[in-house]
Amino acid sequence: MAVLGGVRWVTRTLVAAPNPGAWRSLCTSAVAQAASRSQGEDVRVEGAFPVTMLPGDGVGPELMHAVKEVFKAASVPVEFQEHHLSEVQNMASEEKLEQVLSSMKENKVAIIGKIHTPMEYKGELASYDMRLRRKLDLFANVVHVKSLPGYKTRHNNLDLVIIREQTEGEYSSLEHESARGVIECLKIVTRTKSQRIAKFAFDYATKKGRGKVTAVHKANIMKLGDGLFLQCCEEVAELYPKIKFETMIIDNCCMQLVQNPYQFDVLVMPNLYGNIIDNLAAGLVGGAGVVPGESYSAEYAVFETGARHPFAQAVGRNIANPTAMLLSASNMLRHLNLEHHSNTIADAVKKVIKVGKVRTRDMGGYSTTTDFIKSVIGHLHPYGG
């Protein structure tokens with residue numbers, strides 16, 4: 001556990017300075033069985049790192065199965081403690097939320113699928129997913145958008161990082177009807193959280209050897225709210241003279257990403273803009289199925305897909321692409337200082353894509369999820385997995 005303690009210290013150092021009907025049908029017997037099995041799976045394994053697993057909705061459980069199969073084949077010393085939290089599968093309650101929070105607070109590290117948020121209003125504005133992130137103060141979302149060798153897209157050799165503040169902004173869940181037919185939705189911007197995410201971005205750039213940070217905003221229209229965010233970024237930038245600092249309005253940023261994404265290195269932005277840019281940028285390198293992501297607080301690290309899509313139409317069809325989740329799992333292992341296992345799995349995934357014989361439908365192929373998992377496992381062996 002001394003190693004894990006060291007990992008937590010590194011994270012603190014980086015952060016401190018970081019159709020409803022269709023959805024309800026997703027509660028398949030397989031998911032229900034997994035939920036019942038998980039009650040007896042929280043058994044400590046000596047010498048293994050405990051990690052909270054939250055499969056989520058849509059193809060999340062299938063992607064987590066991929067992670068477990070690959071970890072097993074690679075003899076990864078990780079013990080998953082599986083919990084289920086879903087607003088569309090009748091698996092959401094205050095009790096379940098507290099169980100998940102308790103596990104995540106104890107283990108400090110988690111891997112999660114997309115927890116779908118229904119659009120209908122049932123008296124609570126904040127979704128379980130948002131509440132989970134707020135209670136853990138997971139303020140920094142990091143998405144590394146990088147081209148995969150062997151898979152050609154409109155733009156190749158891309159390598160940029162999107163850092164998003166995800167505890168305030170437009171997702172503050174503060175809405176009310178001030179007059180009949182008039183809704184006010186409040187966007188909250190604070191100096192404290194704006195400075196925190198800006199410092200996280202510059203610390204990340206420093207740690208990763210990156211040379212430029214671009215602050216994305218709409219301060220020309222939201223002069224006070226985004227103006228404060230921009231001001232905080234400018235103030236923090238002065239503390240990092242070796243890192244080039246630029247600013248860009250969000251609408252121009254979207255256009256520039258499509259026309260010339262190579263100009264970007266690290267981008268930092270408020271909540272809603274980050275959500276949009278994460279998805280736009282993921283589309284540049286192959287889509288939601290290939291880009292990993294992670295979220296950090298001062299104490300906790302959560303690993304997930306970079307573009308959060310449940311892909312509900314693919315449930316049970318064995319066609320989901322596990323690349324993003326496997327790469328995210330690899331990043332989790334690196335966070336745990338399991339460098340060998342991390343590199344082994346990431347290299348195996350990238351080799352499968354580079355060879356090009358096994359590709360899921362979203363990448364233009366006809367292979368199944370199972371085919372992809374088997375191919376990745378097959379590429380583990382040269383590394384002595």
- request: Apply the test ring pair (Phe, Tyr, Trp, His ring centres under 6.0 Å) to residues Tyr240 and Phe245: give CA-CA distance (whole Å), side-chain angles for both, the deciding distance (0.1 Å), then the verdict.
  value: CA-CA 9 Å; Tyr240 299 81; Phe245 175 64; over 10 Å; no
task: Please report the C-alpha distance between Lys199 and Glu235 in whole Å, then the side-chain angles of each, then the deciding distance to 0.1 Å, and finally whether the salt bridge (charged side-chain N to carboxylate O under 4.0 Å, His left out) criterion is met.
output: CA-CA 10 Å; Lys199 190 160 193 344; Glu235 292 170 354; over 6 Å; no
- prompt: Between Lys105 and Glu98, does a salt bridge (charged side-chain N to carboxylate O under 4.0 Å, His left out) hold up when you go through it step by step?
  reply: CA-CA 10 Å; Lys105 287 178 179 179; Glu98 288 305 317; 5.8 Å; no
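Residues Ser173 and Arg134 bring a donor and an acceptor atom of their side chains to less than 3.5 Å of each other. Defined by atom type and a distance below 3.5 Å, a donor-acceptor pair is missing between the side-chain atoms of Tyr273 and Asp251. Under 3.5 Å, the side chains of His83 and Gln99 contain no donor-acceptor pair of N or O atoms. Counting only N and O atoms by type, the side chains of Asn275 and Tyr171 include a donor and acceptor under 3.5 Å apart. A donor-acceptor contact under 3.5 angstrom links the side chains of Glu304 and Ser295, judged on distance only. Checked by atom type, the side-chain pair Ser342/Ser330 shows a donor-acceptor distance below 3.5 Å. For the residue pair His84 / Glu82, a side-chain donor-acceptor distance below 3.5 Å is found, with atom types taken as modelled. One side chain, Asn107 or Thr52, offers a donor N or O that lies under 3.5 Å from an acceptor on the other. Between the side chains of Asn343 and Arg334, at least one donor N or O lies within less than 3.5 Å of an accepting N or O. Side-chain contact annotation: Asn318 with Thr370, donor-acceptor N/O pair under 3.5 Å present. In this model, a donor atom of one side chain and an acceptor atom of the other lie less than 3.5 Å apart for Asn252 and Gln256.
In this structure, the side chain of Ser103 does not engage the main chain of Val100 through any donor-acceptor pair within 3.5 Å. In this structure a side-chain-to-backbone donor-acceptor pair under 3.5 Å is present from Thr153 to His155. Proximity of a side-chain donor or acceptor of Glu62 to a complementary backbone N or O of Val59 within less than 3.5 Å is not detected. Judged purely by atom type and a 3.5 angstrom limit, Ser367 has no side-chain atom pairing as donor or acceptor with the backbone of Val358.
Contact check on Asp347 versus Lys351 returns no salt bridge, with no Lys/Arg side-chain nitrogen under 4.0 Å from an Asp/Glu carboxylate oxygen. No salt bridge links Lys244 with Asp265; every basic N to acidic carboxylate O contact stays at or beyond 4.0 Å. Of the charged side-chain nitrogens involved, at least one lies within less than 4.0 Å of a carboxylate oxygen, so that Arg196 and Asp137 count as a salt-bridged pair.
Checked against side-chain contact (heavy atoms from CB on, under 4.5 Å), Leu239 has no partners two or more places apart in sequence or in another chain. Leu224 is linked by a side-chain contact (heavy atoms from CB on, under 4.5 Å) to nothing, counting only residues two or more places apart in sequence or in another chain. For Thr305, there are no side chain to side chain donor-acceptor pair (under 3.5 Å) partners at least two apart in sequence or on another chain. A search for side-chain contact (heavy atoms from CB on, under 4.5 Å) contacts involving Pro292 returns Leu327, Ser328, Asn331, not counting sequence neighbours. Under the side-chain contact (heavy atoms from CB on, under 4.5 Å) criterion, Lys223 pairs with no residue, sequence neighbours left out.
Within the structure, the salt bridge (charged side-chain N to carboxylate O under 4.0 Å, His left out) test picks out no pair touching residues 366-378 (sequence neighbours left out).
In this structure, the separation between CZ on Phe202 and NZ on Lys242 is 14.5 Å, given to the nearest 0.5 Å. Atoms CD and CG, from Glu170 and Leu272 in turn, are 4.5 Å apart once rounded to the nearest 0.5 Å. With rounding to the nearest 0.5 Å, the separation of CD in Glu168 from CD in Glu165 is 5.0 Å. Atom NE2 of His335 sits about 5.0 Å away from atom CZ of Phe303, to the nearest 0.5 Å. Between the CE atom in Met255 and the CD1 atom in Ile249 there is a gap of 11.0 Å [rounded to 0.5 Å]. Here the straight-line distance linking atom CD of Gln195 with atom NZ of Lys193 works out to 13.5 Å at 0.5 Å rounding.
Cluster membership check: Ile163 does not share its hydrophobic cluster with Leu230, using side-chain heavy-atom separations under 4.5 Å among Ile, Leu, Val, Met, Phe, Trp and Tyr.
In this structure the side chain of Thr369 reaches within 4.5 angstrom of the side chain of Pro322, judged on heavy atoms. Between Thr167 and Arg133 the shortest side-chain heavy-atom distance does not fall below 4.5 Å. Within the 4.5 Å cutoff, no side-chain heavy atoms of Leu333 are placed close to those of Thr344. Taking the side chain as every heavy atom from C-beta outward, Val291 and Asp278 never approach each other to under 4.5 Å. Within the 4.5 Å cutoff, the side chain of Leu257 has heavy atoms near those of the Leu160 side chain. Using a 4.5 Å heavy-atom cutoff, the side chains of Val78 and Leu338 are in contact. Proximity of Glu294 to Val302: side-chain heavy atoms (C-beta onward) are nowhere separated by under 4.5 Å. Taking 4.5 Å as the limit, some side-chain heavy atom of Tyr151 sits within range of a side-chain heavy atom of Arg359.
Within a 6.0 Å sphere centred on NZ of Lys135, heavy atoms belonging to other residues, nucleotides or ligands number 12 at most. Enclosure of atom NZ in Lys187 by more than 12 non-hydrogen atoms of other residues, nucleotides or ligands within 6.0 angstrom is indicated. No more than 12 heavy atoms of other residues, nucleotides or ligands sit less than 6.0 Å from atom CD of Glu95.
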